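Just so we're on the same page: letters track the sequence lines, and every chain starts at 1. In this text, all values refer to a predicted model and were calculated from it rather than measured experimentally.
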Amino acid sequence: MAIKSSLRNMALVLTLVCLGASAAVAVIYAVTKDPIEIAKAEKTNKAIKQVVPAFDNNPSEEILNVPADASNPKETNKVYVAKKGGEVVGYAVESTTTKGFGGAFTIMVGFTPNGEVYNTSVISHSETPGLGAKITDGQSHFITQWNGKNLVDGSVKIAVTKDGGDIDAITASTITSRAYCDAMEIAANVFNNIK
Amino acid sequence: MEYIIIIITAVFVNNVVLSQFLGICPFLGVSKKISTAFGMSLALVLVMGLATLVTYLIQNYVLINTWFGEKMDITFMQTIVFILVIAALVQMVEIILKKINPTLYQALGIFLPLITTNCAVLGAALIVVTKQFSFGGEPHMLNLAESVVYSMALAVGFGVAIILFAGMREQMELSNVPKSLKGTPIALITAGLLALAFMGFQGIV
Amino acid sequence: MSKFKYLLEGIVKNNPTFVLVLGMCPTLATTTSAMNGMGMGAATMAVLICSNMVISLLAPVIPDKVRIPCYIVVIAAFVTVVQFVMQAFTPALYETLGIFIPLIVVNCIVLGRAEAFANKHSVLESALDGIGIGIGFTIALTCIGLVREVLGNLSAFDHKFASSDGMLVFVLAPGAFLVLGYLMVIFNKIKGKKNA
């Protein structure tokens with residue numbers, strides 16, 4: 001059934017198959033490129049909407065690049081500004097920690113203008129599915145306990161209770177909880193450096 | 001120091017079989033005897049080191065590079081290119097080994113064809129070029145040396161897991177296992193207990 | 001009707017997970033919940049059907065000695081396509097499954113069916129075989145995912161039915177091995193009874 005395995009045939013067929021495959025992949029890449037971009041942007045927009053009070057501007061167009069550490073202005077975090085009727089109603093701070101269980105993870109922290117946390121949302125993480133991943137459950141106590149806490153006036157110690165802080169860790173996910181605190185701390189520092 | 005952390009992370013904490021679920025097929029397939037398990041792991045260390053070396057260079061100097069005066073990023077070809085390169089590499093290793101060291105070839109030869117479809121090889125190659133690692137410091141993409149050390153250490157982790165596992169299975173041959181548990185089921189359950197033990201390493205780095 | 005048997009064989013008699021014990025990596029890694037298992041099964045099924053059809057079409061013109069590399073290229077192309085489509089339309093699932101989507105390339109089920117079935121059968125039969133094996137794989141993954149989710153997280157298909165925590169070990173690595181092992185025991189028992 002199959003044709004002879006001469007060197008010429010082998011090279012020819014393999015080259016043709018590779019060319020055909022690459023062409024197909026390139027076409028699909030071109031077709032799905034925009035939907036992929038949209039899906040990614042959609043995710044950011046959804047996260048912003050979730051973490052700040054209702055707004056009527058487009059925060060994705062009003063991005064500030066603010067450093068977490070004022071002495072190192074090169075490394076900045078993205079801050080999305082939400083406004084209603086021209087007045088600032090909240091800041092959505094994107095914050096990445098490296099201390100996660102499975103590596104880095106990124107969260108979006110919404111602050112009201114006076115430094116209270118409005119809501120938080122996880123953008124991407126590589127924590128153990130099901131366990132550390134509890135941070136993605138917006139209803140869990142760990143996530144909701146942040147809401148309304150003021151992180152910039154010094155009333156809250158951003159650390160899990162095990163480390164002498166004010167935050168209840170997720171059962172059996174101390175490392176993830178600590179990493180979340182780390183990301184919150186970074187976000188708070190960014191917020192302090194906004195103006 | 002950083003390399004020590006990389007090695008400990010790869011061998012124990014992120015054990016390729018027991019916590020990342022890569023290379024399960026050979027883990028279950030060639031773990032009946034310690035000697036074959038050892039041969040397989042040795043071949044895997046060799047191939048994974050080489051494969052990561054080559055795919056890392058391809059990723060950073062071929063797929064992302066300036067071609068014809070234009071900056072191009074054709075990483076969408078990643079999967080196809082990597083698997084082809086790995087398949088070709090394994091064949092080459094086989095041919096070269098046969099010529100220069102027939103004794104080693106006899107020991108490792110039969111395992112080499114199996115390695116192409118060992119997802120640990122492609123998995124490690126993809127992980128090191130797409131994921132950021134911190135290893136106690138700032139997160140960064142791994143450089144060439146770190147990538148190769150990381151994936152070779154992953155292969156060593158495979159070795160540790162499969163040799164321990166083979167030891168248990170040799171013991172199991174002698175014991176009286178209920179009929180419906182014989183074979184794969186009891187092996188999986190044993191692997192589960194081994195994975196439970198390896199969870200103890202989590203969080204040490 | 002005779003063609004229909006190719007479809008059924010893949011689901012029960014040649015079930016890729018419980019009988020052939022192939023494709024263990026995604027089976028264990030992605031079944032942390034029923035939905036994830038189902039998503040992985042569906043992605044694999046899409047690749048399997050497409051690659052089976054194309055390979056059965058190409059088989060007559062592929063020289064024997066380079067058939068494996070050719071199959072791998074075809075499979076890798078479809079995997080990349082599936083990867084893009086999922087990234088665009090099911091971004092959340094794409095992220096959860098992560099590296100295991102490109103790794104469908106080295107899933108022994110896909111290459112195994114190409115080598116053992118598709119290159120000797122017609123396009124239609126190969127497609128049916130792909131669907132059958134694909135469904136068998138998806139059912140197996142969904143079952144494992146469901147058991148792990150129910151025990152580990154007290155939820156089914158992402159609907160939580162009890163507010164407390166489950167036995168977390170089942171959504172972690174060891175649980176994957178244990179659940180698959182015991183499900184295989186049950187599968188063997190049922191099959192053994194039928195044969196007796």
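Atom OG1 of residue C:T80 and atom CD of residue B:Q78 lie 9.0 Å apart, to the nearest 0.5 angstrom. With rounding to the nearest 0.5 angstrom, the NZ atom of C:K189 is 8.0 Å from the CG atom of B:L181. For the atom pair B:T190 OG1 and C:L178 CG, the distance stands at 9.5 Å (nearest 0.5 Å). Between B:L188 atom CG and C:M184 atom CE the span is 5.0 Å, to the nearest 0.5 Å. Going from atom OG1 of B:T184 over to atom CG of C:L180 covers 9.0 Å, rounded to the nearest 0.5 Å.
The parts of B:I127 that come within reach of chain C are both its backbone and its side chain, each placing non-hydrogen atoms under 4.5 angstrom from that chain. With a 4.5 Å cut-off on non-hydrogen atoms, C:L111 touches chain B through its side chain but not through its backbone. Of the atoms belonging to B:F198, not a single heavy atom falls under 4.5 Å from chain C. When heavy atoms are compared at a cutoff of 4.5 Å, B:Q91 does not approach chain C at all. Interface residue C:F84: only side-chain heavy atoms are found under 4.5 Å from chain B.
Paired with B:I83 under the rule side chain to side chain contact (heavy atoms under 4.5 Å, CB included), one option of C:L103, C:V73, C:V105 passes, and it is C:V105.
Around atom CE of C:M35, no more than 12 heavy atoms belonging to other residues, nucleotides or ligands sit under 6.0 Å away. Enclosure of atom CE in C:M45 by more than 12 non-hydrogen atoms of other residues, nucleotides or ligands within 6.0 angstrom is indicated. Heavy-atom contacts from other residues, nucleotides or ligands closer than 6.0 Å to NZ of B:K98 number 12 or fewer.
The minimum heavy-atom distance between B:C25 and C:C108, with the atom names listed, is SG-SG, 3.4 Å. The two residues B:I189 and C:G181 have their closest heavy-atom pair at CG1-CA, 4.2 Å. When every heavy atom of B:P185 is checked against every heavy atom of C:N188, the shortest pair comes out as CG-ND2, 3.9 Å. The shortest non-hydrogen separation linking C:A173 to B:A195 is C-CB, 4.5 Å. Looking at every heavy atom in both residues, B:F21 comes nearest to C:A176 through CZ-CB, 3.7 Å.
The most heavy-atom pairs under 4.5 Å with chain C, out of B:L126, B:V121, B:T130, B:I86, come from B:L126. Chosen from B:G183, B:A187, B:G123, the residue pairing most often with chain C at heavy-atom distances under 4.5 Å is B:G123.
When side chains are defined from C-beta on, B:L18 counts as touching C:F177, because their heavy atoms get closer than 4.5 Å. The side-chain heavy atoms of B:M199 and C:P174, taken from C-beta on, include a pair separated by under 4.5 Å.
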